[in-house]
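Okay, structure first, notes after.
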Amino acid sequence: MFETSAPLVERRQVAREVFVLGFEAPEVAEAALPGQFVNLLLRPGPLLRRPFSVYRAAESRVEIVLRAVGVGTAQLLSLELGDRVSVLGPLGHGFAIDPGWRSLALVSGGLGVAPMPITAAAARRAGVEVIWVHGARTAADLCTEWEGERAAWATDDGSQGSRGSAVAAVPEGVDGVFACGPNPMLAAIAERWPDAQVAVETYMGCGTGVCLGCAVPKRAGGYDRACSEGPVYRAADVDWPALPGHLHYAVGV
Amino acid sequence: MFETSAPLVERRQVAREVFVLGFEAPEVAEAALPGQFVNLLLRPGPLLRRPFSVYRAAESRVEIVLRAVGVGTAQLLSLELGDRVSVLGPLGHGFAIDPGWRSLALVSGGLGVAPMPITAAAARRAGVEVIWVHGARTAADLCTEWEGERAAWATDDGSQGSRGSAVAAVPEGVDGVFACGPNPMLAAIAERWPDAQVAVETYMGCGTGVCLGCAVPKRAGGYDRACSEGPVYRAADVDWPALPGHLHYAVGV
Amino acid sequence: MIELEVDLGGLRLKGPVLAASGTFGYGTEVPLLDRSKLAGMVSKGIFLRPRTGTPPARIVETPSGMLNAIGLQGPGVDALIRDYAPLWASWAFPVFVNLNAESIEEYGELTARLDGVPGVAGFEVNISCPNVDQGGMYFGNDPVAAGRVTAAVRRRTKLPVWVKLTPMVTDIGVVARSVEAEGADALCAVNTFVGMSIDLNSRRPRLANRTGGLSGPAIRPLAVHLAHQAARAVRIPVVGVGGIVSAEDALEFLVAGCAAVQVGTATFIDGGAIARVHDGIAAYLASNGFESLEELPRYLPRD
Amino acid sequence: MIELEVDLGGLRLKGPVLAASGTFGYGTEVPLLDRSKLAGMVSKGIFLRPRTGTPPARIVETPSGMLNAIGLQGPGVDALIRDYAPLWASWAFPVFVNLNAESIEEYGELTARLDGVPGVAGFEVNISCPNVDQGGMYFGNDPVAAGRVTAAVRRRTKLPVWVKLTPMVTDIGVVARSVEAEGADALCAVNTFVGMSIDLNSRRPRLANRTGGLSGPAIRPLAVHLAHQAARAVRIPVVGVGGIVSAEDALEFLVAGCAAVQVGTATFIDGGAIARVHDGIAAYLASNGFESLEELPRYLPRD
Ligand SMILES: Cc1cc2nc3c(=O)[nH]c(=O)nc-3n(C[C@H](O)[C@H](O)[C@H](O)COP(=O)(O)OP(=O)(O)OC[C@H]3O[C@@H](n4cnc5c(N)ncnc54)[C@H](O)[C@@H]3O)c2cc1C
Ligand SMILES: Cc1cc2nc3c(=O)[nH]c(=O)nc-3n(C[C@H](O)[C@H](O)[C@H](O)COP(=O)(O)OP(=O)(O)OC[C@H]3O[C@@H](n4cnc5c(N)ncnc54)[C@H](O)[C@@H]3O)c2cc1C
Ligand SMILES: Cc1cc2nc3c(=O)[nH]c(=O)nc-3n(C[C@H](O)[C@H](O)[C@H](O)COP(=O)(O)O)c2cc1C
Ligand SMILES: Cc1cc2nc3c(=O)[nH]c(=O)nc-3n(C[C@H](O)[C@H](O)[C@H](O)COP(=O)(O)O)c2cc1C
Ligand code: FES
Ligand code: FES
């Protein structure tokens, strides 16, 4: 875990209202594993840090992908190149790739695409074939960047790929399933692939295991910390009905 | 009084750590009178607006002069050209120039220079000779911009002009004295020129007369509102011992 | 068109957003304020006699908030009746007078003076005043004293009587019920929280009065909770106040059980705040399929 | 070299800045935190038995603050004694255990279990716990109950006993005196303020627990005032807590009469917060001509 003041060095659009931001943070980039996240601090800015999955980590640069949903994300997207944020990370436990797998489906809904590029790269390095299954409301919302040999698209309105959810678009016969997206989508994943690995979203106070704010209810009882034991879980281990389905705007001014 | 979202269009340094910022705000610039102020809002930024004297108002542009002393001023100085702030103004009652005067001394200490350029310009338009008397700790802190036929400088260390206070450097025989600076300096002005017009500083909640936060204690008893009846007062009318001498950092994060 | 009219204990308001006491003066100060959506205003707190208020500094900014210690500066009831009430009588929204006193008798006397004056639509009783007979403790801190003040005002008028609760109590529900029992038509929750800020140059409080009242967004979560607790404790309507800047903020109070809201500090920053909050409430109701504010579901579990 | 040592009711601390309960876990969680300047820490609140805590969401950010409702999740006293106390015994700073219970007997039992365990330097009694015998009202809301809890803990230990006051009371001085009379060695002022935030999508509270405790800079002016009121009410030292981010913030509490401070929420944001606050206090003392913290003038008028 490192804490560093990192300048913005990259900004590109990858879907309607969705942008990738790249920060120069060598130690964090070097250490980041698939499914881990960084916790960003803005000053001036909202009180708490904001967690974001590592999208890509290469050449001393950590990339994240986001849309403006509240004060912190709006402020991040208004940064100019060279502006600095405090990057804390990498944090959490990510996806575990089994090198014995032949194929791995990366299933994402909307901004759930966030942890997939770094994961796809690691899977390919491990010799695992990657199948990208990405869903969104409509074609314009689909992230235009992907890595991996095969891709399957799904849109609610059928404007690109199959009509319906990304979960339905996952081909049969894959050895592994990693998923990220709205918690209700992950619950659907859990139904079909209990052993899938899923990255959950919770509100976070600290991101470092100390506040117990990021509770993930476990089927076995009790709570885990998304920031420490998670954010990636075996799908069937999470008590989905007890996890808030949608996380919403909270701060205001 | 106007409220407008105004872009930063000018930024120049005029003394050590002291900068002039110019905002494009035509109605405000047109209406501003000597000694009036504007109240600026930053978003994101601190809760309340920040009052600044109008330094110059010309060609649809309102200029202010400032140094970073807290969160708001620091943020103002980090604005880039084109960034917008909400400008509310012009506010308050300023200096009254008597066209019958032959000469007028503008006496300022440190950032008390702020209302002087707009005032000098108005005095000259009224045919009054302007004598500029500006004091600071040392030469580097003296504002390098001034308007008016004559100038007298004063520095605490004697590095430019006379050694000592600006008040001591005011020549004899002027018809009018306008002053702005730390409240203790203004109290000294009141001793020597009871009829001088002085611009006082107070903490302000609203700047528009409604919160009663900007109380100026009057010799005659009771309180005035610096933002409405002031900020310019007849020097002898203010109960100086009852007015806080120095206003300090307050917000924090 | 979304119907935003509010019935506040028999009083019909054209919308749910009022201007809070002490932040709107006597309604005459600020030309820029957009009044078209204003459902009503509460005057700056008035005493029987003129008061000069506390010495400066009176204002300190704090994180997302401000402390104020104005000391209820004001011209006294005679000047209010002479200078302001006649103007109010012609305005399109009702004006409530915020009543302040140092004894129960004085509250009664003040009410009697104002009752029936054209332009005065009703009263908001500020019980966050030091009770001089009881060693300066706030009336509002003591459910019995709060009830007595309410009764004293109630006896002198048939106009609506609102009581503005202080947050500085162990159980706001007890005070709320006591005040309801003595005839209040509505409650306003809440007044400012007592706070202090120290200047490290002088190593003394920044406010000449030492302490001041904290307002602004910082207190919003506390105010929502207290307004909710008050609403659960009584049957009369509750007006929510504390830290409202946006329509979403106001809606938190409304969902939490309030019938209307007051906006204070936000108007210092943005003259359009009240109109913005009003319009935003309408937009929220529309986009959630409600045709009137009355249809908005309230969250008021009785446990 | 500025002397920052603090004498806290007989206990010598190497500086004035401690880590607050619930924001530093058991001291083992965060590798980045700079501990060199840490004068001591208070553990996450512990109960006799393990507790799973409240369901999510547990955290809501608010303007300059955060609400939390963790529900005192924890492993129970046995696991604490087994897993953490042995580590603490080797650390360079004292560890206080934050005690929580639902009855007075349970507070006593918990203290008895922990008294004498190597690694446990003392106790911070959290009286912001629902008193199950009295219908769930906080112990800390009632001066008598608060005193009884203090006495129950005091009876079982010779180690330092601190009592952490809740801000949700009409007069904190009354509770402070009651607790002092029952043998507390120091007071900590204050715990979080109860608040609520409403999600406008579900129109229900954002926190599963409905309400949560507000911490962070938003509460600082309120906490400074309450710590000051507590310090004026008692002779034992007061530890200030609430919204401290910078050395200036900490110095406000110290000038207002506190002997030491705790930093909570700020450590979530900045692992170096405690060291930064410590160093900044030293720098302030130096630049104002003081050679030790003891020389810092306190503002404690007795009126
Ligand atoms: C492990 C993890 C990884 C994430 N990765 C990404 C990512 O790669 N891209 C992306 O766009 N978003 C991601 N999120 C969500 C992102 O953190 C939130 O959208 C963001 O914090 C919202 O901040 P805001 O200030 O814009 O919104 P606000 O609503 O104003 O924030 C208010 C508060 O709520 C919290 N919050 C609000 N929405 C969420 C949310 N959906 N999840 C968690 N906390 C929330 C914020 O942290 C903050 O404390 C991730 C969340 C977690 C927990
Ligand atoms: C009528 C008027 C005209 C002014 N003109 C100028 C000017 O031309 N140039 C300039 O540099 N400064 C001027 N000031 C002072 C300026 O407003 C403050 O320096 C500024 O508000 C500090 O904000 P901050 O956020 O940087 O500091 P902070 O200390 O973080 O601000 C905290 C709070 O204190 C208030 N405050 C702090 N210092 C002062 C102060 N000295 N006077 C008034 N309020 C203060 C702020 O408004 C804010 O509410 C003027 C003040 C007044 C009242
Ligand atoms: C400068 C100022 C003056 C106030 N004066 C009064 C007053 O005279 N009477 C009163 O009942 N409340 C007064 N209040 C409290 C407000 O009406 C309101 O309850 C409080 O500020 C919280 O709302 P806000 O956060 O929207 O400002 C005052 C508040 C401020 C900021
Ligand atoms: C997530 C969280 C958990 C907390 N848990 C406890 C606790 O177990 N016991 C306790 O006495 N205080 C607890 N507190 C209160 C803090 O110790 C502190 O009193 C409060 O947060 C105010 O300080 P701050 O603003 O610096 O955070 C907790 C606070 C937070 C934010
Ligand atoms: S976010 Fe604090 S423990 Fe996970
Ligand atoms: S600043 Fe509000 S009345 Fe002057």
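In the text below, chain A, chain B and the rest are named by the order of the sequence lines, each starting its count at 1. Atom set for the values below is all heavy atoms of this structure, side chains included, hydrogens, waters and symmetry mates excluded.
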D:R276 atom CZ, neighbour heavy-atom count above 12 within 6.0 Å: yes
Answer yes or no: does atom CD of C:E294 have more than 12 heavy-atom neighbours from other residues, nucleotides or ligands under 6.0 Å?
no
Turns out that what part of C:F253 lies under 4.5 Å from chain D's heavy atoms comes down to neither
Under 4.5 Å to a heavy atom of chain D? For C:N288 that would be side chain
Given D:L200, D:V169, D:D171, the one with more heavy-atom pairs under 4.5 angstrom with chain C than any other is D:L200
Cut-off 4.5 Å, heavy atoms of chain C, and the answer for D:P301 is side chain
Residue from D:T211, D:L67, D:T166, D:N141 scoring the most non-hydrogen pairs under 4.5 Å with chain C is D:N141
D:R203 and C:Y299 have their tightest heavy-atom pair at O-CB, 3.9 Å
Under 4.5 Å to a heavy atom of chain D? For C:L296 that would be side chain
So, the part of C:R210 with a heavy atom under 4.5 Å from chain D: the answer is side chain
Distance col, row C:S64:OG vs D:I219:CD1, nearest 0.5 angstrom, shows 13.0 Å
Subject >> Carboxylate-amine/guanidinium proximity below 4.0 Å for D:R206 and C:E252 >> reply: yes
Of all heavy-atom pairs linking C:A218 and D:A218, the shortest is CB-CB, 3.7 Å
If one checks every heavy atom of C:V194 against chain D at 4.5 Å, the contacting part turns out to be both
request  = Answer yes or no: is there a side-chain heavy-atom contact under 4.5 Å between C:H225 and D:L214?
outcome  = no
In terms of heavy-atom contacts, does CD of C:E291 have more than 12 from other residues, nucleotides or ligands at under 6.0 Å? no
The interface call for C:L222 against chain D, heavy-atom contacts under 4.5 Å, is both
If you tally heavy-atom pairs under 4.5 Å between each of C:G65, C:A256, C:P205, C:P297 and chain D, the highest tally belongs to C:P205
From the list D:T62, D:I198, D:L207, side-chain contact (heavy atoms from CB on, under 4.5 Å) partner of C:P221 resolves to D:T62
If you tally heavy-atom pairs under 4.5 Å between each of D:D142, D:L251, D:L226 and chain C, the highest tally belongs to D:L251
